[in-house]
Amino acid sequence: MAGTRLTITPPKDFDLARDVCSYGYFVLAPNHWDPASRTFMRVLELAAGPATVRITQGDASSRRRQRGAPLKLAFDRTLDRPEQAEAKRLLARMLRLDETDADLRAFHAIDPRWKKSGRGRLFRSPTLFEDVIKTVTSCNVAWPSTVKMNERLCAVCGRKAESGLYAFPSAKKLSRTRAGTLRGRCSVGYRDQRMIDLARMFVRGDIDEAWLTDAKTPDDEVFEFLKTLPGIGPYAAGNIMQLLGRYSRLAIDTETFRHAKTVLGYAGTDAQLTKKIKAHYEPFGDQVFRSYWFELWDFYESKQGPSHTWERERTAKAFTAAQFKD
DNA sequence: GGTAGACCTGGACGC
DNA sequence: GCGTCCAGGTCTACC
């Protein structure tokens, strides 16, 4: 790529392979992780149009872990100064560079199981809007359909970069898209109007990201607000909470019940399991989601190998609750 | 406050 | 190849 090249100095323990491959969204379009080269690539929607960024850490030819080494960004076009700042801001959100080494030490003090691996950061999207829409695509559907919806949303509604790759659609674009297009061409089904309504709320400013991320805003108020959004119920709200950096709640879905039965050895009705699950994670206080998630992720890695080696095509098919029932 | 049924897609299964 | 059933979380109507 012959465009702008930038460098970001991450926190000392940041590990690109570990910290990108830490949450399922890293395999959803427009994200692309290449296990062989340990390179992350996606299109960012910037002020002057879409730009593809390729991210490596340290010496790409080395197989050694290079925690804390500079992140090298290579773009497919030239970015002016404001765009460079915008790109860095979006990538910092995506990679959770705001989670400092001290933040992670605090998490590991509560749950020391992840101290050795250093796990703590959870990959997310460059924008809250993309995180919310991705969460809606993960509701009431098997994982392969979530993968497909995100691919189609980008291909049908996203802008094309010089690289030929597509961006995730902006809120503005999605707010003007017809429900029939989303349903017919993006396979989002009944989620069509809910996605458009969400996009319109973002465009109008009805969703106040500053308030949602303000440390002074109580978790309970954020959770209750999220549940008022179209297509967002208790599971989705819990998931968006963690995407906002609020780890005090679980996002309970069928996968949680599968985990409770097969890994934790619990039995009973869903209501009984929910009580046992909450009791199990209670000791982790305001970090329950991370403790839950890395237990789950550990299980996936025990079945599929280290997450940074997962091929996109295989991952698209492998990760469904049904695959792990036994 | 709790719950049954509808919503939509895609995969599994039986014929 | 076709039809049927089922899984998946949210929403609405109803009790």
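Side-chain atoms are counted along with the backbone in the values below, which use heavy atoms only and exclude waters and symmetry mates. First the proteins, then the strands, lettered A, B, ... as listed; each starts at 1.
Within a 6.0 Å sphere centred on CZ of Arg159(A), other residues, nucleotides and ligands contribute more than 12 heavy atoms. Summarising the local packing, CZ of Arg204(A) is surrounded by more than 12 heavy atoms from other residues, nucleotides or ligands at distances under 6.0 Å. Other residues, nucleotides and ligands place more than 12 heavy atoms under 6.0 Å from the NZ atom of Lys227(A). In the displayed structure, Arg178(A) atom CZ is contacted under 6.0 Å by at most 12 heavy atoms of other residues, nucleotides or ligands.
Atom-to-atom, CD1 of Ile252(A) to C1' of dG9(C) comes out at 13 Å; the value is rounded to the nearest Å. To the nearest angstrom, P of dG9(C) lies 18 Å from CD1 of Ile133(A). Trp143(A) places its CH2 atom 13 Å from the P atom of dG9(C), with the value rounded to the nearest Å. We find that CZ of Phe257(A) is positioned 11 Å from C1' of dG9(C), with the value rounded to whole Å.
Taking 4.0 angstrom as the limit, Arg183(A) places a side-chain polar atom (N or O) nearer than this to OP1 or OP2 of dC8(B). For dG9(C), the OP1/OP2 oxygens have a side-chain nitrogen or oxygen of Thr254(A) closer than 4.0 Å.
Both the sub-6.0 Å distance and the 45° axial angle are satisfied by Arg249(A) relative to the ring of Phe223(A).
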Atom pairs under 3.5 Å: protein N/O with N/O of nucleotides 11-14 of chain C:
residue	atom	partner	partner atom	Å
dC11(C)	OP1	Leu229(A)	O	3.4
dC11(C)	OP1	Gly231(A)	N	2.5
dC11(C)	OP1	Ile232(A)	N	3.3
dC11(C)	OP2	Ile232(A)	O	3.3

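Nearest nucleotide to the Tyr190(A) side chain, out of dT10(C), dG10(B), dC8(B): dC8(B). In this structure, of dG8(C), dG10(B), dT10(C), it is dT10(C) that holds the atom nearest to the side chain of Tyr235(A).
Across its full length, the helix from dG1(B)-dC15(C) to dC15(B)-dG1(C) shows an angle of 40° between the axes of its 5 terminal pairs at either end, rounded to 10 degrees.
The ring of Phe107(A) has its center no closer than 6.0 angstrom to the ring center of Phe284(A).
Comparing Asn140(A) and Ser187(A), the nucleotide of DNA chain B nearest to each residue sits closer to the 5' end for Asn140(A).
Of the possible donor and acceptor atoms, none in the side chain of Arg200(A) sits under 3.5 Å from a partner among the backbone N and O of Leu174(A).
Taking the six-membered ring where tryptophan is involved, the planes of Phe294(A) and Trp114(A) are tilted, since the angle between them lies from 30° to 60°.
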Test log, rule side-chain contact (heavy atoms from CB on, under 4.5 Å), inputs Val43(A) and Phe168(A)
CA-CA 8 Å; Val43(A) 178; Phe168(A) 195 82; over 6 Å; no
